[in-house]
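Quantities reported herein were computed from a predicted structural model and do not represent experimental measurements.
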Amino acid sequence: MPGRGDTPQRTSFRTIAVLTLVPVIGLVLFLGWLIFRRHAPAPAPKASGRGPRASGPPPTGPAVVPRPEARGPRPEIVIIIDDVGYEGQPIDRAMAIDPNFNFAVLPNSTRASQVAERLHGQGFEILCHLPMEPRDNRVSPGSNAVLTSMSDTEIVATTRENIAAVPHASGVNNHMGSLATSDRRVMTDVMRALPRGMYFIDSRTDGASIAARIAHEMNVKTATRQVFLDDVQSDAAVRHQVDLLSAAARAHGIAIGIGHPHDVTLRVLAQAVPQLKAQGFAFVRASQAVN
């Protein structure tokens, strides 16, 4: 009921005025809150739980986000010492250079089994250095070699006999074989004769070799030699070949070098291997180079 002295018209006017002022007052309060929030100091950040915050004055320059160190894979080198298995070879000197050296034992050598057993006992990786027919028939690969004149059955049997003569062999690489490794039929039979899991490294004694190609086609893990270390047996020549090998490893990530247990080869390698390691190269086993 209207109060004393009020008329219905005055009461309605007052009500309308109050209702009009309520949103205006609300808008003013909201704008005032926004202005206060914008100018108020930001609260201190909460601790992250990763340890105490560093004390001291705040940095004066722009924040620097540390960049992760760019670390690519170390270039890897595989050294295979071929033609092992004879009395009087300086195998101890070769083993002392690096524990990841690989030794290719000739199955037709005079002490093949004994040398393979000794190398295996010292933890070295062993290959069967499979004798195969060269192009030059004046050069003999030795007894029980794989020849292009053999039948398929004979090639398989000969390959398996040679592998059996080198206990603990993880892989095979060819001894000579410039003619045999360029013959598709012969290499197909050789790959067929390998025990499951055994790899084949193409010594690449001839530019026409198709050994690695056939291995890939038959799902045999394989790799190819890049550098022969000691075709010329002088310190300067062997060191030059080692330099070529390291350059190939740096360019491609991994490279395979093949040498022999010659005094000059082992002397140069004994000097070069520690130097190359200091430069960031790693020496790895042949089984790590195949795919």
Side-chain angles (χ1 to χ4, degrees), residues 64-84 89-105 115 118-127 129 169-175 199-205 207 209 211-212 215 221-291:
V64 177
V65 179
R67 298 175 60 186
E69 182 182 358
R71 297 183 63 184
R74 298 172 66 189
E76 296 175 333
I77 294 175
V78 176
I79 297 290
I80 300 174
I81 304 298
D82 269 0
D83 294 355
V84 171
Q89 292 177 320
I91 302 302
D92 286 343
R93 286 176 56 195
M95 289 192 294
I97 297 173
D98 192 271
N100 284 326
F101 272 17
N102 307 267
F103 293 86
V105 178
V115 170
R118 185 173 176 219
L119 288 166
H120 176 73
Q122 295 294 318
F124 288 90
E125 187 157 306
I126 301 165
L127 294 84
H129 197 30
S170 300
V172 170
N173 72 328
N174 53 291
H175 171 64
Y199 60 81
F200 187 96
I201 289 184
D202 185 2
S203 300
R204 199 162 179 79
T205 54
S209 173
K221 289 188 175 182
T222 189
T224 301
R225 182 271 315 163
Q226 277 74 45
V227 176
F228 277 122
L229 299 177
D230 48 16
D231 282 345
V232 178
Q233 294 181 40
S234 72
D235 287 67
V238 174
R239 182 65 210 220
H240 176 68
Q241 295 302 101
V242 171
D243 291 342
L244 292 178
L245 180 63
S246 62
R250 195 180 293 280
H252 304 292
I254 191 165
I256 298 174
I258 292 180
H260 301 81
H262 302 315
D263 285 341
V264 62
T265 306
L266 300 184
R267 181 169 60 249
V268 171
L269 286 174
Q271 297 169 352
V273 168
Q275 295 169 355
L276 290 170
K277 286 182 176 179
Q279 295 171 23
F281 289 87
F283 287 80
V284 300
R285 304 199 168 202
S287 54
Q288 294 175 251
V290 297
N291 58 54

Chemist: If you apply the rule side chain to side chain contact (heavy atoms under 4.5 Å, CB included), what do you find for T224 with I256, and how did you get there?
Modeler: CA-CA 7 Å; T224 301; I256 298 174; over 6 Å; no
Chemist: For the atom pair CD1 (I258) and CG (D82), what is the distance rounded to the nearest 0.5 Å?
Modeler: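 Separation between the atoms: 5.0 Å.
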Chemist: Rounded to the nearest 0.5 Å, how far apart are CG of D243 and CG of L276?
Modeler: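 Spacing of CG (D243) from CG (L276) equals 8.0 Å.
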Chemist: Go through the steps to decide whether F228 and T205 satisfy the test side chain to side chain contact (heavy atoms under 4.5 Å, CB included), and finish with yes or no.
Modeler: CA-CA 9 Å; F228 277 122; T205 54; 4.2 Å; yes
Chemist: Measure up the F101 and F283 rings against each other and bin them: parallel (under 30°), tilted (30 to 60°), perpendicular (over 60°).
Modeler: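 Judged by the thresholds at 30° and 60°, the geometry between F101 and F283 is tilted.
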Chemist: Evaluate the side chain to side chain contact (heavy atoms under 4.5 Å, CB included) criterion for residues V290 and F200: first the C-alpha distance (whole Å), next the side-chain angles of each, then the deciding distance (0.1 Å), finally the verdict.
Modeler: CA-CA 8 Å; V290 297; F200 187 96; over 6 Å; no
Chemist: Drop me the distance from R239's CZ to L269's CG, to the nearest 0.5 angstrom.
Modeler: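 One gets 9.5 Å once the value is rounded to the nearest 0.5 Å.
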Chemist: If you apply the rule side chain to side chain contact (heavy atoms under 4.5 Å, CB included), what do you find for I97 with R93, and how did you get there?
Modeler: CA-CA 7 Å; I97 297 173; R93 286 176 56 195; 5.9 Å; no
Chemist: Working to the nearest 0.5 Å, report the span between CD1 of I201 and CD1 of I80.
Modeler: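 These two atoms lie 4.0 Å from each other.
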Chemist: Is the backbone N or O of I79 less than 3.5 Å from a side-chain atom of N102, with the two atoms forming a donor-acceptor pair by type?
Modeler: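 Yes; at least one donor-acceptor contact below 3.5 Å.
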Chemist: Are the side chain of Q89 and the backbone N or O of D83 linked by a donor-acceptor pair below 3.5 Å?
Modeler: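 Yes, Q89 side chain to D83 backbone: donor-acceptor pair under 3.5 Å.
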Chemist: So which heavy atom on F281 is nearest to which on A249, and how close?
Modeler: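 Result for this residue pair: CE2-CB, 4.1 Å.
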Chemist: Nearest 0.5 Å please: distance from the CD atom of Q241 over to the CG atom of D230.
Modeler: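 It is 9.0 Å, given to the nearest 0.5 Å.
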Chemist: Using every non-hydrogen atom in the two residues, find where A289 and V78 come nearest and quote the distance to one decimal.
Modeler: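 Of all heavy-atom pairs spanning A289 and V78, the closest is CB-CG2, 3.8 Å.
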Chemist: Is there a donor-acceptor pair under 3.5 Å between the side chain of R204 and the backbone N or O of G207?
Modeler: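 A pair under 3.5 Å: yes.
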Chemist: Without swapping roles, check the side chain of R74 against the backbone of G280 for a donor-acceptor pair under 3.5 Å.
Modeler: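 Checking the backbone N and O of G280 against the side chain of R74, a donor-acceptor pair under 3.5 Å is found.
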Chemist: Between T222 and A215, what is the shortest heavy-atom contact and its length?
Modeler: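 Of all heavy-atom pairs spanning T222 and A215, the closest is CB-CB, 3.6 Å.
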Chemist: Just wondering, do V84 and H129 contact through their side chains at under 4.5 Å, heavy atoms?
Modeler: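 Heavy-atom side-chain distance check fails, nothing below 4.5 Å.
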Chemist: Can you name the closest pair of heavy atoms from N173 and S203 and give their distance?
Modeler: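 Minimum heavy-atom separation between N173 and S203: ND2-OG, 3.3 Å.
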Chemist: Provide the closest heavy-atom pair for D202 versus A212 in the form atom of the first, atom of the second, distance.
Modeler: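 Scanning both residues, the minimum pair turns out to be OD2-N, 4.0 Å.
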Chemist: Take a 6.0 Å sphere around NE2 of H262 and say whether it holds more than 12 heavy atoms from other residues, nucleotides or ligands.
Modeler: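 Counting neighbours around NE2 of H262, more than 12 heavy atoms of other residues, nucleotides or ligands fall under 6.0 Å, so yes.
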Chemist: Could you give the distance from CD (E125) to CG (L119), rounded to the nearest 0.5 Å?
Modeler: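 With rounding to 0.5 Å, CD (E125) is 11.5 Å from CG (L119).
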Chemist: Quick one: closest heavy-atom pair of S209 and A211, and the distance?
Modeler: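 Reported closest heavy-atom pair: OG-N, 3.3 Å.
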Chemist: Quick one: are D92 and R118 in side-chain contact, heavy atoms under 4.5 Å?
Modeler: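 Sidechains of R118 and D92: in contact.
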